Amino acid sequence: MERELTKKELFGDTAGSVSLSIMTALLGLMTFYYTDVVGVSAGVVGTALLFAKLLDAGADIGMGVLIDRTRSKHGQARPWLLRMIIPIFVSIFLLFSVPDLSPGAKLTYAVLTNILFYIFVLTPTSIPYISLMALTTRSQQDRALMGILRASANYFTGAIIVMAFIPAVTALGGGKKEWTLLASILGIIASLGIFFAFRYSNERYNTQQLKDVGEIKKNYTLKEGLGLLFTNKYWLIVFFIALISNINFAVSASAGMYYAKYIWGNVNLVGLMGALSFIPMVLAFLVSGPIIKRWGQRNTAIFGLIVGILGSLIRLIDLSSIPLGLAGSVLQGFGVIPLMIVLSPLMTSTIEYGEWKHGQRIVGLTNSVNAFGGKIGTALGTALIGWLLAFGHYESSSLVQTDAAKSMIIVMNIYLPLFTYTCMTILLLFYSLEKQYVGILDDLKKRREGNIQ
């Protein structure tokens with residue numbers, strides 16, 4: 001199928017990815033912010049954030065149904081992006097403005113602001129944005145390009161924040177006000193990115209348009225939609241990959257800071273870790289297009305994960321070695337880049353597979369349940385940080401940690417990524433939809449033409 005997206009549409013879609021990356025990267029800093037800046041117990045923080053995220057995960061399902069039933073002059077997904085532009089900034093400001101209150105009050109504030117952010121901002125932004133890939137194009141070329149641009153924007157935005165945020169806060173004074181200031185600036189940028197995503201996107205395949213040409217005949221109930229999803233074998237594979245990858249992402253977003261501070265003895269090495277990873281990451285994004293074209297999306301992702309596994313094994317050679325640790329962490333980071341690039345296209349293709357198999361096109365619910373799995377993974381990953389630190393008797397007020405605490409920090413940085421990369425590689429071996437996709441589109445086209453005649 002020929003390409004359909006213009007340069008402006010690709011720019012807007014990429015800007016939306018920058019926005020979501022800012023939001024998720026800031027969330028990755030939350031545990032460190034609460035434990036080392038606000039002064040809340042690590043174990044309590046992990047449990048409290050898990051509670052907030054589990055409440056939010058259920059909202060994803062409802063959001064997916066809302067998108068599939070939304071009818072407006074802007075389409076299905078775009079109206080929701082328009083509504084979220086201002087709330088994004090306000091919610092980020094509140095997240096990083098914990099007042100000087102008692103420990104219990106601080107915890108209550110943290111839970112309430114996290115619930116506000118997740119349920120009323122992140123979900124109504126992320127699900128519509130993710131759905132745009134299915135609503136704007138069916139071209140594999142476009143989706144592969146969108147995957148590359150989204151992943152590039154996501155990775156480099158996140159890497160810049162991880163690399164520069166702590167040093168920048170430290171240079172400004174390292175206090176709570178400095179955290180609030182920098183987070184607010186990033187909140188403004190995130191709001192602008194969502195505006196561009198709304199402004200320049202164009203829905204070509206939303207529910208109403210496909211009903212008009214007879215490709216879709218009826219709406220579905222939530223029960224029917226879930227039943228169709230869980231009989232879509234390829235969607236199930238991507239669902240579990242997304243869940244596992246988000247566990248890994250949530251842990252790695254904060255784990256490096258603890259490793260640099262307590263294993264290497266210098267928290268600012270996090271910045272060096274991020275800087276060293278830039279060159280191979282840039283190369284990975286530059287060559288990903290030709291590699292995907294030659295090997296396919298699935299095989300490209302498997303190759304990357306194998307590189308990530310090797311990175312973890314290298315770090316095990318000498319846990320205290322900074323050179324080996326930096327080299328291994330670079331390979332670990334490189335390992336998830338191909339998966340980041342192809343995960344959305346792989347998942348979006350399952351929508352056409354489901355439509356071909358069941359005669360029902362489920363866009364919003366597919367993305368929302370997949371995001372539900374991702375958020376469960378993020379919640380578990382964030383909670384794991386707090387739980388593992390608490391299990392190792394981590395003390396945020398201590399400059400020197402016990403051997404047990406250091407062991408848990410090593411688990412977060414090396415053993416857990418090794419396990420998750422291996423699991424995702426095995427799951428990908430069962431994904432074979434790429435070979436069927438062109439034939440599926442041809443069948444759908446014949447159905448549409450038959451209905452029109």
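Just so it is clear, the model here is predicted, and its values are computed rather than measured.
In summary, the side chains of Glu352 and Tyr437 do present a donor paired with an acceptor at a separation below 3.5 Å, with no hydrogens or angles considered. At a cut-off of 3.5 Å, with distance as the only test, a side-chain donor of Thr123 or Asp60 sits close to an acceptor on the other residue. With hydrogens and angles left out, the side-chain atoms of Ser139 and Glu4 include no donor and acceptor closer than 3.5 Å.
Met146 CE to Thr137 OG1: the interatomic distance, rounded to the nearest 0.5 Å, is 7.5 Å.
A heavy-atom distance below 4.5 Å is found between the side chains of Tyr34 and Val98.
With Arg78 as reference, Ser201 is the one residue of Ser131, Ser72, Ser201 to meet the side chain to side chain donor-acceptor pair (under 3.5 Å) rule.
Residues satisfying the side chain to side chain donor-acceptor pair (under 3.5 Å) criterion with Tyr33, sequence neighbours excluded, are absent altogether. Residues forming a side-chain contact (heavy atoms from CB on, under 4.5 Å) with Ile247 (at least two apart in sequence, or on another chain): Leu243, Leu380, Leu384. In this view, Ser432 and Tyr234 satisfy the side chain to side chain donor-acceptor pair (under 3.5 Å) rule, not counting sequence neighbours. For Gln332, the side chain to side chain donor-acceptor pair (under 3.5 Å) criterion is met by Ser312, Arg315, not counting sequence neighbours.
For Arg298 (side chain) and Leu429 (main-chain N/O), a donor-acceptor pair under 3.5 Å exists by modelled atom type.
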Can you list, pair by pair, the side-chain donor-acceptor contacts under 3.5 Å of residues 187-195, counting residues two or more places apart and other chains?
unit_1, atom_1, unit_2, atom_2, d
Ser191, OG, Ile85, O, 2.7
Ser191, OG, Phe89, N, 3.4
Ser191, OG, Gly187, O, 3.2

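The ring of Trp80 has its center no closer than 6.0 angstrom to the ring center of Tyr129.
Listed by first and then second residue, the side chain to side chain donor-acceptor pair (under 3.5 Å) pairs that reach into residues 410-430 are Asn248-Thr420, sequence neighbours excluded.
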